[in-house]
Amino acid sequence: MSLTITAEYAPTIKTVHLKACQDGKCREADLDLRPGSVSAPQSCGPEPEGSCSAITSPDGTRYGFLNMGTLTSSPIDAEVTGTGTNGATLPARTLSFTPISAKPWGEQCQTTIKASLLLDAHGLRQS
């Protein structure tokens, strides 16, 4: 499961702890927060065969992952706690949500399950 902290909120966050429970099993950890980025397209060349490229550019977000093992399409109860850069305890944020199931490679292919959260100054939501 991934957690992204918005660019506006990220500078105020020192540590984040994520606890998530699904199907009676809970996992929790202090997340290793990494700088987020977006892909920026570069120009396409004539050879070989009009190849294109992209570069990554920092976007001010921070993100981390909690290893939940194999996810199912059952609801997840998540809680985010932590500390701010000023040393204060962050308000506990909770969310119950259903992961997103998709077949991005076609109906004949395996289902993927995505559990992604977004944290900002207003709370926690599914992304």
Side-chain angles (χ1 to χ4, degrees):
M1 178 164 42
S2 68
L3 173 74
T4 300
I5 304 169
T6 63
E8 297 78 24
Y9 197 44
T12 68
I13 303 298
K14 182 177 180 182
T15 65
V16 169
H17 185 86
L18 176 59
K19 179 179 179 180
C21 299
Q22 184 182 50
D23 298 328
K25 296 181 201 169
C26 295
R27 300 275 177 105
E28 62 183 296
D30 293 330
L31 299 187
D32 178 20
L33 297 175
R34 299 173 183 264
S37 62
V38 294
S39 292
Q42 297 292 293
S43 60
C44 296
E47 296 298 326
E49 301 167 7
S51 61
C52 299
S53 63
I55 61 168
T56 59
S57 177
D59 65 359
T61 63
R62 293 171 70 196
Y63 70 93
F65 294 98
L66 176 65
N67 183 353
M68 294 281 296
T70 301
L71 290 174
T72 69
S73 57
S74 300
I76 295 174
D77 295 318
E79 179 182 53
V80 174
T81 55
T83 57
T85 52
N86 62 1
T89 300
L90 298 176
R93 306 291 189 174
T94 60
L95 181 69
S96 293
F97 69 101
T98 301
I100 297 170
S101 297
K103 291 190 175 273
W105 301 284
E107 286 302 314
Q108 73 282 6
C109 295
Q110 184 178 7
T111 300
T112 62
I113 298 176
K114 175 183 162 190
S116 300
L117 299 175
L118 186 66
L119 178 66
D120 63 17
H122 305 289
L124 186 63
R125 64 184 183 272
Q126 191 171 8
S127 63

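No hydrogens, no waters, no symmetry mates; every other heavy atom, side chains included, goes into these values.
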Exercise. Any side-chain heavy atom of Lys19 sitting closer than 4.5 Å to one from Thr81?
Worked result: no
What one should report as the nearest heavy-atom pair of Val16 and Val80 is CG1-CG1, 3.7 Å
Taken in chain and number order and not counting sequence neighbours, the residues that satisfy salt bridge (charged side-chain N to carboxylate O under 4.0 Å, His left out) with Arg27 are none
Sorted by chain and residue number, the side chain to side chain contact (heavy atoms under 4.5 Å, CB included) partners of Thr83 (sequence neighbours excluded) come out as Lys14, Thr15
Non-hydrogen side-chain atoms of Leu66 and Leu3 separated by less than 4.5 Å
no
Minimal heavy-atom distance between Ile113 and Pro99, with the atoms involved, is CG2-CB, 3.5 Å
Ring pair (Phe, Tyr, Trp, His ring centres under 6.0 Å) pairs touching residues 60-117, sequence neighbours excluded, are Tyr63-Phe65
In terms of heavy-atom contacts, Leu117 and Met1 come closest through CD1-SD, 3.9 Å
Those residues at least two apart in sequence (or on a different chain) that pass side chain to side chain donor-acceptor pair (under 3.5 Å) with Ser96 are Asp77
Here the gap from Ser101 atom OG to Leu71 atom CG, rounded to the nearest 0.5 Å, amounts to 9.5 Å
Only pairs under 3.5 Å count here: list side-chain donor-acceptor contacts from residues 30-41, not counting sequence neighbours, and write none if there are none.
residue	atom	partner	partner atom	Å
Asp30	OD1	His17	ND1	2.7
Asp32	OD2	Arg34	NH2	3.0

Residues 93-127 vs disulfide (SG to SG under 2.5 Å), sequence neighbours excluded, gives none
Sorted by chain and number, sequence neighbours left out, side chain to side chain donor-acceptor pair (under 3.5 Å) with Thr4 holds for none
With sequence neighbours left out, the residues meeting side chain to side chain contact (heavy atoms under 4.5 Å, CB included) with Thr94 are Glu79
Value for CD1 (Ile76) from NZ (Lys25), rounded to nearest 0.5 Å, stands at 12.5 Å
Note: with side-chain heavy atoms under 4.5 Å as the link, the other cluster members for Leu118 come out as none
Sorted by chain and residue number, the side chain to side chain contact (heavy atoms under 4.5 Å, CB included) partners of Thr12 (sequence neighbours excluded) come out as Tyr9
Residues 111-120 vs side chain to side chain donor-acceptor pair (under 3.5 Å), sequence neighbours excluded, gives Ser2-Ser116, Lys103-Thr111, Asp120-Arg125
Taking the side chain from Arg93 and the backbone from Ala78, do they hold a donor-acceptor pair closer than 3.5 Å? no
Contacts of Ala10 meeting side chain to side chain contact (heavy atoms under 4.5 Å, CB included) (sequence neighbours excluded), chain-then-number -> Ile5, Arg62
